[in-house]
2 protein chains.
Amino acid sequence: MATIADIGLAAAINILSAFVFFLIFAVLRLQPFNDRVYFPKWYLRGLRSSPMSSGVVGKFVNLDYRSYLRFLGWMPAALKMPEPELIEHAGLDSAVYLRIYLIGLKIFVPITFLAFTILVPVNWTNDTLEHSKMLFSSIDKLSISNIPHESHRFWAHLVMAYAFTFWTCYVLLKEYETVASMRLQFLALERRRPDQFTVLVRNVPPDPDESVSELVEHFFMVNHPDHYITHQVVYNANDLAKVVREKKKAQNWLDYNQLKYQRKPLKRPIRKTGCLGLWGKKVDSIEYYASEVERLSKEEVAEREKIVKSTKYIMPAAFVSFRTRWAAAVCAQTQQTRNPTLWLTEWAPEPRDVYWRNLAIPFVSLTIRRLIVAVAFFFLTFFFVIPIVFVQSLANIEGIEKALPFLRPIIEIKFIKSFIQGFLPGIALKIFLILLPTILMLMSKFEGLVSISSLERRSASKYYLFLLVNVFLGSIITGTAFEQLNTFIHQSANQIPVTIGQSIPMKATFFITYIMVDGWAGIAGEILRLKPLIIYHLKNVFLVKTEKDREEAMYPGSIGFDTSEPQIQLYFLLGLVYAVVTPFLLPFILIFFGLAYVVYRHQIINVYDQRYESGATFWPDVHGRIISALIISQLLLMGLLSTKQASQSTPLLVALPVLTIWFHKYCKSRYEPAFVRFPLQEAMMKDTLEHAREPDLDLKSYVSDAYMHPVFKGGYNDDEENAPPTGYGKVHGSPALVPTKRQSRRSTPVPSKHSGSLSPPSVRASSQGPR
Amino acid sequence: MATIADIGLAAAINILSAFVFFLIFAVLRLQPFNDRVYFPKWYLRGLRSSPMSSGVVGKFVNLDYRSYLRFLGWMPAALKMPEPELIEHAGLDSAVYLRIYLIGLKIFVPITFLAFTILVPVNWTNDTLEHSKMLFSSIDKLSISNIPHESHRFWAHLVMAYAFTFWTCYVLLKEYETVASMRLQFLALERRRPDQFTVLVRNVPPDPDESVSELVEHFFMVNHPDHYITHQVVYNANDLAKVVREKKKAQNWLDYNQLKYQRKPLKRPIRKTGCLGLWGKKVDSIEYYASEVERLSKEEVAEREKIVKSTKYIMPAAFVSFRTRWAAAVCAQTQQTRNPTLWLTEWAPEPRDVYWRNLAIPFVSLTIRRLIVAVAFFFLTFFFVIPIVFVQSLANIEGIEKALPFLRPIIEIKFIKSFIQGFLPGIALKIFLILLPTILMLMSKFEGLVSISSLERRSASKYYLFLLVNVFLGSIITGTAFEQLNTFIHQSANQIPVTIGQSIPMKATFFITYIMVDGWAGIAGEILRLKPLIIYHLKNVFLVKTEKDREEAMYPGSIGFDTSEPQIQLYFLLGLVYAVVTPFLLPFILIFFGLAYVVYRHQIINVYDQRYESGATFWPDVHGRIISALIISQLLLMGLLSTKQASQSTPLLVALPVLTIWFHKYCKSRYEPAFVRFPLQEAMMKDTLEHAREPDLDLKSYVSDAYMHPVFKGGYNDDEENAPPTGYGKVHGSPALVPTKRQSRRSTPVPSKHSGSLSPPSVRASSQGPR
């Protein structure tokens, strides 16, 4: 059993290692040749084009010793940028994402304070554990375990449970209000964007006499007569996209070989034509890839023509644009025809946000797909261990030796053998866990959602459920999820919280370690960006020829809401569950949230570049998951207290989940519409303003090709996480560069100590001044 | 234990008694002086003004013996009216309501057939029960109890469970489709009605500078500029309505006393002024009530003025009318402002359907009210026995003797004493059950729904839950609902279906008796209309002076969806649960549905007059409840089979509820929008047609006072179930009388045998011919 001293030591080690990470980061990020890895966002924004430094050596290594002294200087710098500027700089999604960490601090700082001033003394001044002759650690002395059965002291826990619930709900309410108004303000202040005028229509019914395009035009001409202006049909360009991808790959290889040849002009690069270049005839690589690129180019042209000419590539979906935002809002929110499964309208996602492949899935198939995914996800969550165990049983040393006899000499080396034997059982599980987010994303894609943002939100829900079952419950009730399921099915409904609740205090040490190893270390690792660092330098050496290539190589991608948010939610869950039971865990949660907030703020300012802007549509999910964590914590507390024979106070806890559910319902009806629908008043206001400002705006040409499949625009990166989205420059950057203001760029490494004044001139578009 | 012969005898007795009821009905309805009780609808429609007969005696008693011979003639007559005519005659609500019985027949006729040809032989050809030395009845020989443990014959039950589920779902799907298209066609063919152009706006925010009326006008002028025409604010006229009600009551007493005086001119009627006329000074009744009426008339005038003049009677709600149906559909389906709790818009219910009292409840209060009602309903369902037991313990003979000592001599009579002793314990429960629908309706009203139709739907859901818990589960698991709850909480989740499933076969006899006594007898009683018959004749003797009074006295009211539909659903539940377990119960269900269909068809054609027309909005509820019955039946079957150690087949049943839930979701997304939203295409079509037909229609004056509080229109009957709705004649009857066609009027008692040709001339409005 770990004592407080043990935990303290572990914490010290962890903090120290995090410190080392920060130190390495401080050194790495100051090196000019890493500049594009640690500050890609400023390059993408066009605010920086090269690391400022002088001399040949200075181009690669930062020799200014003073900049090393301020090696933690990025932390205050990250905190300095005010929120409105952050929204302008990184978008509302990122700014609101940071608020998740902030809400963690807001909830847990007062809770920690209260718990330590009230609950810890109440728990500490007992001697139940000392009398019980059980093994116990000093942490348990601080926890609810130290209270004797039937004690009146449980009233303190009861009151605290109420206080914590009310405080959490209060913070959630305020935050929902803030985020909702931030979203509405963001939408109101947004520049003109094609998606404001556009509605996505799906399930256009087949018509024997008219093409999809004609049908759409006629339908909206008739049913929205004063408002319709134009539409764009959706093409099934998946084949073309495939060709384009292949061509790009071949082009990459061509570039690589050409560069290689340039550097060593004596030896022309050679490859084999067979699978993976391992077998077959040897050919000249440059010629081979050049001919490949040419062949694929021709194929691409043919495919393009085919799509344009044949009607069978036209999918029964279209992006319909209207004269006003009001009309688009109306069309998106209303039902068009008798049959509610035809002419389905919804707000068009941003052009960047569209997930093109799913646009033509028919309605019946959608419900079937949802059923299949639900069943598959159930099995994945509860039975994922089975295939892994199966793989493990295959992947033993004897099996490998039999399958690949030529490896035998290597394997038989004792060191390697023991390494494999120790490592192999875990590796299948590890690989599975690494692949899990991808698997969940594939499931969500199979469900047929049409925007990347909704795909990420759906995956996040799935991932959270998985973590809840397999990490949280799985750690408390040891045993596989399947065994748990079996236990729970055979237990009475009110016995389940008791079973879990009982083991909660015992697992506090484990979760503290988990928070340190997974949480703290994860964040410290996040800031180092080791993987992108390596990949960037590899690409830089082997592929990069032009500035555009370099931009692609350094492209940092989005935050990945689908993987990171559920992990944060796990900490909310832990914090809320242990707040009453073992308050000693709370400071660890606090450190996690604090650290994560600073690190992610830095990353969002300097690194990540969101692929899309959904206007914080994910907030209702975040809110809902915190509420569910709250309810879980209440149920578990009820279960725990009922084993303590605190029969006077336990029944009073029943009201808590009821009130929390009611609170959730209230919030849902009060704020959620702001994230789903677009109010007509706002639309009308923007329309009126715009009409007054630009009475003769040619909206038709403005929206006319906004929703063209990206493959037709040249460049195509659908599905590639770490590549800049298509049309990136056009939609994102074209109106005006967003300037940075005040001092936040101080954190970028400039050689002078008067960094504020010597920073590169910011590109200020005068029309985009502070509002 | 009841044998099949016993049950057969009971069935024969019940059928015979139903027959006697029909016989009495046949005699009563042929008497001209009962004509208005049994055929009020024809009078209300204006198609009949007096029973046709000649002579003084013939005015009261039907002397034509031939008409008595065809005493069951109303049955085929009721079935003859084709559905389109029925819809025109009684409205879509009634026509679709009848389809609930029809769907019962559609589901259970093939199921009964299959069960008797396959399951009964499979069950019968065992001898488990004979060997088991248990008491058993011959019904059990036909049931699943007769199959030995671990038998392979359970495969038959499994396959049948699948077959029944698929058949039920198929029928439900088809029916949903039919009802949805009936609804849309009904809406499409409807005449112009104010609610098509009108939207109810609630939660108009307070404004310091503008009145509600101005605010509404400005808001919609700005945000729906081309479409808004007019609006009507809602007044809080609850006080006025109270005065009007009191005045009406006084007027009734005045009429009664005047009539009494007319008949016995020698003695002026006298009453006492105190409470209930039992104490106080004696006064002349006619003078007293005349002065009362006068006083209340003055009060009414004052109240009216107060409402019109003071702004504090104006509620933050309004009925806003638009130029086109399209615009109303748009406004009803969209969100108006940032704050989704302000300017809430929804389709205006029909003027007749509005529940005026609830129009001004603010949003926050709504959610709190819902929480309170949910908690209250939970306690009502599970703990309703407690106050009843309490009342019973008070209401014993000794208690009565103590409280009312002057009753002692009467009570001490042996016969009366034993009667009270036998009767008293049950009476509190009986009174509660009679009051239950009213209590549930009050709860729904407290929740703040604004239309009578939605109130009835909400009450129906509550009533169904109550029946499910207290009648279905309560009969299976004997003991109070609270004891059940306690049992279930302490049982494991998968043990609950087992516990219930096990006792299911044993309760078959009980439920067969229940179906006969409650179902069959209830229907036979329904057609007799004893209570309205007595009340009508009483009113006719004591109150009726004018034709209008008589019309009010005979007013039959609506069907009462909130009480009758949940009871039907109970039979669906019983049928589906017992279909696989004890098929012997099915014919009883069939007879119930068949009989009920005929009787209610007759009643709908001749008696009931719906207060409002909601266009079958209740269908999703009906569908959902049948689905839930199906899922309950599947879970119970799983529980039952698991006790039979049919371990091969039971796991295969798990897929059934999953598939059923998925089917429900599919239906919900596919058909439910048709019941909630109004498609723009339909609206546009109707608008265009109307515009072409009547290019210079003055819509503003058409809608201008449609949504005036009924109390301002004179006559006020809000809340009184058995009084004609306000504005009845105006809205309902004004456009044109709906004529009857073909032969359905044959069922009305006419003296001649050539009933078809000699029936009163039907009022045919030429413009309203068959479509």
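Protein chains get the first letters and strands the later ones, always in sequence-line order, with residue 1 at the start of each.
- Side chains of B/Leu371 and A/Lys665 form no contact here, defined as non-hydrogen atoms less than 4.5 Å apart.
- Around the CD atom of A/Glu690, the shell of radius 6.0 Å holds more than 12 heavy atoms that belong to other residues, nucleotides or ligands.
- Counting heavy-atom pairs closer than 4.5 Å to chain A, the top residue among B/Tyr671, B/Phe219, B/Trp343 is B/Phe219.
- A/Gln335 approaches B/Gln333 most closely through the heavy-atom pair N-OE1, 2.8 Å.
- Residue B/His218 places its NE2 atom among more than 12 non-hydrogen atoms of other residues, nucleotides or ligands, all under 6.0 Å distant.
- Residue A/Glu346 places its CD atom among more than 12 non-hydrogen atoms of other residues, nucleotides or ligands, all under 6.0 Å distant.
- Without hydrogens or angle criteria, A/Trp662 side chain to B/Thr367 main chain gives a donor-acceptor distance under 3.5 Å.
- Considering A/Leu342, A/Val222, A/Thr337 in turn, A/Thr337 is the only one that fulfils the side-chain contact (heavy atoms from CB on, under 4.5 Å) rule with B/Gln681.
- The shortest heavy-atom contact between A/His224 and B/Leu680 is CE1-CD1, 3.4 Å.
- When each of B/Asn223, B/Val658, B/Val330, B/Leu659 is checked for heavy-atom pairs under 4.5 Å with chain A, B/Asn223 comes out on top.
- In terms of heavy-atom proximity, B/Pro679 sits nearest to A/Gln336 at CB-O, 3.6 Å.
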